[in-house]
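Indexing begins at 1, ligand by ligand and atom by atom, following the structure's order.
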Amino acid sequence: MVNSSLKQLSYKLFPGQCLLCLATTHRPKDICRGCEQDLPWLRTRCQRCALPLTTDALCGTCLKTPPRFDRCLACWEYGFPVDGLISRFKYHGDRASGALLGELALTAFKNQSADALLPVPMHWRRQLRRGYNQTELLAAQWGTALDIPVLRALKRVVATPTQQGLSARARQRNLKGAFTLIKAEQVYGKRIVIVDDVLTTGATANSLAAILRRAGATEIMVWCLARTP
Ligand SMILES: [Zn+2]
Ligand SMILES: [Zn+2]
């Protein structure tokens, strides 16, 4: 608690300090121009799942077994130093990192249109322990900036063990029955965006997309900060 208010205070006192190299940025952004340019911006990628590729095309997985969502948009390739900023935001309560990533990522979504944003839900027990859900913070920021409503129609009903280190198949199994849609009528006939921080195997997004599809969502996109190579 003390730690997070100290962080907020220092953020207010010294605006425009680069969160990566600590240099003064001389602009109302917490990243300097050099560090911003050096971020692992996602350029050529799979047109469906945003997997980094050498040309804009469809990846082998999407050709063979397309995901349940229509399209994933990501801003960066998951790697240094974005991975560090994401973990500061996700696990250490660093709101400044989250706000910066969220703001920069908007460049990837600004020409898109959608009816609603749905943050990937966290189990209430984990959220209680962490104090916040990073995908809800991102959805709130993007929703405000792009004027798209944020729905809290999904609930995580099973506290699934962490997905880290599991194979794609094991991840999918791990998520069986993990989510439920509490307000199905809110997604019927709508173009929905699932908001996540990182897309790895896509198992979570796939599970959610299947539920949303069954409830009558017409288009399902995933917007995330970073995509693992
Ligand atoms: Zn810098
Ligand atoms: Zn793909």
Problem set entry | Pair Arg88 + Asp94, salt bridge at N-O below 4.0 Å | yes
Exercise. Do Phe69 and Leu58 sit in the same hydrophobic cluster, where Ile, Leu, Val, Met, Phe, Trp and Tyr count as joined when their side-chain heavy atoms come under 4.5 Å apart?
Worked result: no
Exercise. Going through the checks in order, is the side-chain hydrogen bond (donor to acceptor under 3.5 Å, both in side chains) test met by Gln47 and Asp56?
Worked result: CA-CA 6 Å; Gln47 296 302 287; Asp56 281 333; 3.2 Å; yes
Problem set entry | Angle in degrees, rounded to 10°, that SG of Cys35 and SG of Cys18 form at the Zn ion (ligand 1) | 110°
Please tabulate, for the side chains in residues 31-38, all donor-acceptor contacts under 3.5 angstrom to protein atoms that are two or more places apart in sequence or on a different chain.
{"residue": "Glu36", "atom": "OE1", "partner": "Arg27", "partner atom": "NH1", "Å": "3.4"}
{"residue": "Glu36", "atom": "OE1", "partner": "Arg27", "partner atom": "NH2", "Å": "2.6"}

Seminar exercise, completed: Between Cys59 atom SG and Cys49 atom SG, the angle centred on the Zn ion (ligand 2) rounds (to 10°) to 110°
Exercise. What angle sits at the Zn ion (ligand 2) between SG of Cys62 and SG of Cys46, to 10°?
Worked result: 110°
